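As the structure is a computational prediction, the values presented were derived from the model and not from experiment.
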Amino acid sequence: MARPKVVLPDKGISEKEVLKKMEEIREDDINWKDGKVWSLVYHASEDHTEMLKKASNMFFSKNALSPMAFPSLKKFETEVISMAVDLFGGDNRCCGSMTSGGTESLLMAIKTYREWAREKYPEIKEPEMVVPSSAHPSFDKAADYFGVKIVKVPVDKETHRADVKGMENAITKNTILMVGSACDFPRGVVDPITELANIAKERGIGMHVDACLGGFMLPFVKKLGNNVPDFDFSVPGVTSISADVHKYGYGAKGASTIMYRRERVWKHQFSVYTDWTGGIYISPSMRGTRPGGPIAAAWASMKALGEDGYLGLAKVVMKATKELIDGINQIPELYIIGDPVMSVFSFTSDSLDIYNLGDIMDKKGWHLDRIQFPNALHMMVNPHHASIVDTFLKDLKEAVKQIKEHPEASSDGDAAIYGMVASLPDRNKVKDYIVNFLKSQYKFK
Ligand SMILES: Cc1ncc(COP(=O)(O)O)c(C=O)c1O
């Protein structure tokens with residue numbers, strides 16, 4: 001049998017060679033620093049990033065699996081949660097943990113409510129959660145992992161926010177949890193959390209707010225005088241919140257928070273095994289080993305920025321967002337979907353193929369995420385985008401003109417693939433197609 005092409009070298013190579021090779025390998029990566037990428041990277045400033053690297057390096061080898069071995073990491077984690085709880089209107093009875101990201105926080109929330117319901121409502125054998133259709137796929141993932149049925153309710157057609165009546169009607173005797181987003185990824189709108197939480201409270205079930213994306217932005221957007229619906233622990237009935245430090249908290253990647261109003265719910269998050277030959281094993285989240293770097297960098301980010309730092313960044317981001325939204329709305333063929341609350345939004349067109357527009361923008365060096373139902377292009381604004389707003393709008397206008405003049409020339413590239421995938425009625429076929437695509441990306445020869 002043939003060995004794979006790449007195998008462990010017989011002899012190790014020098015540090016210089018390793019780093020040189022890595023420099024070469026990264027040449028094909030997208031260059032996010034020029035502001036042309038609208039997702040994946042959250043960046044406060046060069047100086048802030050350098051500080052995060054130093055903070056992360058100081059705790060590079062440490063492992064938060066054991067709070068006893070590294071009291072420093074325990075202090076950082078406790079204080080990150082404490083600062084976040086306070087930011088989200090919680091009191092000192094709130095509690096929580098740090099995780100590796102939004103997905104892990106949401107997985108932990110669903111695992112926690114499943115265990116909590118097993119104790120509180122033992123008669124429920126097939127637990128369900130009611131979520132708006134805009135909720136992040138991490139909830140589907142959690143449903144798959146933990147055997148909690150996910151009941152999705154279409155969002156309101158006009159506002160794109162969760163449909164309160166629809167969600168109430170979807171509650172059954174098996175429902176243990178309701179979910180809302182602040183804000184959601186597709187449209188950047190905040191669900192009617194107060195109304196949803198009221199219903200959850202009345203029914204004696206959990207209410208989780210997914211503030212992974214907006215958590216570290218919305219409080220400051222509100223302080224700047226914008227209209228932000230209530231979404232945090234100040235809303236009676238909200239029982240837990242997830243918020244990512246590695247998004248608008250401007251921490252290093254691998255840092256999120258999951259917070260609960262009460263310890264009696266949080267306790268169900270932990271996994272404890274008392275009879276292992278390797279000793280008593282307890283872990284607060286999905287992972288065993290928990291790298292110290294992202295925890296330390298999260299703490300450093302929050303301490304270094306403080307309230308005034310976050311406010312300043314939010315001001316820059318909201319100004320750029322407003323300019324972008326105004327500019328897009330001025331192009332007659334395009335419009336923003338819904339009424340985004342912060343710096344995340346999508347836009348589409350009734351007269352042009354929006355994915356074709358995405359392809360033309362790609363050719364001009366931009367990277368806009370494609371989203372669907374309806375097909376649209378997606379943007380998440382960061383401070384480093386402030387300087388390229390005008391260039392973006394100029395290129396966008398040109399791209400629209402180009403499609404109108406040559407509609408036939410633009411139906412290649414990603415548009416064809418995205419268009420095909422979006423329009424296939426058999427979603428299982430789409431799943432197979434995507435899995436095969438991803439497998440092919442990682443397959444070695
Ligand atoms: C609303 C929302 N929730 C959860 C997540 C998942 O976060 P992560 O990619 O850090 O796992 C995201 C990611 O964009 C998100 O937008």
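The pair K394-E398 meets the salt-bridge criterion, with a side-chain N (NZ, NE, NH1 or NH2) lying under 4.0 Å from an Asp/Glu carboxylate O. A salt bridge is absent between E50 and K54; no separation between the charged side-chain nitrogens and carboxylate oxygens falls under 4.0 Å. Classification of K267 and E119 as a salt-bridged pair holds, one side-chain N sitting under 4.0 Å from a carboxylate O. Checked for salt-bridge contact, E17 and K21 miss the test: no charged N lies under 4.0 Å from a carboxylate O.
Across all their heavy atoms, L52 and A297 have their closest contact at CD2-O, 3.5 Å. Between P132 and M167, the closest heavy-atom pair is CD-CE, 3.8 Å. Contact detail for V189 and D339: the closest heavy-atom pair is CG1-O, 3.7 Å. Nearest approach of F185 to D369, heavy atoms of both residues: CZ-OD2, 4.1 Å. Heavy-atom minimum distance, A162 versus L196: CB-CD1, 4.1 Å. Residues A386 and V316 approach most closely at CB-CG1, 3.8 Å, considering heavy atoms.
Atom CE of M58 has 12 or fewer neighbouring heavy atoms from other residues, nucleotides or ligands inside a 6.0 Å radius. The number of heavy-atom neighbours closer than 6.0 Å to OH of Y335, taken from other residues, nucleotides and ligands shown, is above 12. Residue E126 places its CD atom among 12 or fewer non-hydrogen atoms of other residues, nucleotides or ligands, all under 6.0 Å distant. More than 12 heavy-atom neighbours from other residues, nucleotides or ligands sit within 6.0 angstrom of CZ on F373. By the neighbour-count criterion of 12 heavy atoms within 6.0 Å, atom CZ of R26 is sparsely surrounded, having that number or fewer from other residues, nucleotides or ligands. Other residues, nucleotides and ligands place more than 12 heavy atoms under 6.0 Å from the CD atom of E405. Surrounding NZ of K315 are at most 12 heavy atoms belonging to other residues, nucleotides or ligands under 6.0 Å away. Within 6.0 Å of CD1 in I280 there are 12 or fewer heavy atoms belonging to other residues, nucleotides or ligands.
The OG atom of S256 sits 8.0 Å away from atom CZ of F216, with the distance rounded to the nearest 0.5 Å. Atom CD1 of I81 is separated from atom CD1 of I258 by 8.5 Å, given to the nearest 0.5 angstrom. How far NE2 of H136 is from NZ of K141: 8.5 Å, rounded to the nearest 0.5 Å. Here D359 contributes atom CG and I354 contributes atom CD1; the two are 11.0 Å apart, rounded to the nearest 0.5 Å. In this structure, SG in C212 is found 12.5 Å from CG in D184, a value given to the nearest 0.5 Å.
For the ring-ring contact (aromatic ring centres under 6.0 Å, His included) test with H385, the passing option among W366, F392, W38, W32 is W38; the others fail. In summary, of the residues considered (I150, D210, V151), a side-chain contact (heavy atoms from CB on, under 4.5 Å) with V131 occurs for I150 alone.
When only modelled atom types and interatomic distance are considered, H43 and T49 share a side-chain donor-acceptor pair under 3.5 Å. Residues S242 and H208 have side chains that bring a donor and an acceptor to within less than 3.5 angstrom of each other.
Applying the ring pair (Phe, Tyr, Trp, His ring centres under 6.0 Å) rule to pairs touching residues 287-307 yields F76-W299, sequence neighbours excluded. Every pair passing salt bridge (Lys or Arg N to Asp or Glu O under 4.0 Å) that includes a residue from residues 240-258 is listed here, sequence neighbours excluded: D244-K247.
Without hydrogens or angle criteria, T257 side chain to A243 main chain gives a donor-acceptor distance under 3.5 Å. Counting only distance, with no hydrogens or angles, the side chain of T239 and the backbone of G206 share no donor-acceptor pair below 3.5 Å. For T348 (side chain) and N375 (main-chain N/O), a donor-acceptor pair under 3.5 Å exists by modelled atom type.
Between S301 and Y310, the closest side-chain pair of non-hydrogen atoms falls below 4.5 Å. A 4.5 Å side-chain heavy-atom check between M342 and T321 finds every atom pair outside the cut-off. At least one side-chain heavy atom of I241 sits less than 4.5 Å from a side-chain heavy atom of D232. Side-chain atoms of S285 and M108, non-hydrogen and from C-beta on, do get closer than 4.5 Å to each other. Counting only heavy atoms from C-beta outward, the side chains of S134 and R187 never approach each other to under 4.5 Å. Looking at heavy atoms from C-beta onward, M302 lies out of side-chain contact with E79 at the 4.5 angstrom threshold. Side-chain contact check for R370 versus L377: some heavy-atom pair is nearer than 4.5 Å. For the pair T112/F146, no side-chain contact is recorded, criterion being any heavy-atom separation below 4.5 Å from C-beta on.
Shown here are the ring-ring contact (aromatic ring centres under 6.0 Å, His included) partners of Y248, two or more places apart in sequence or in another chain: Y42.
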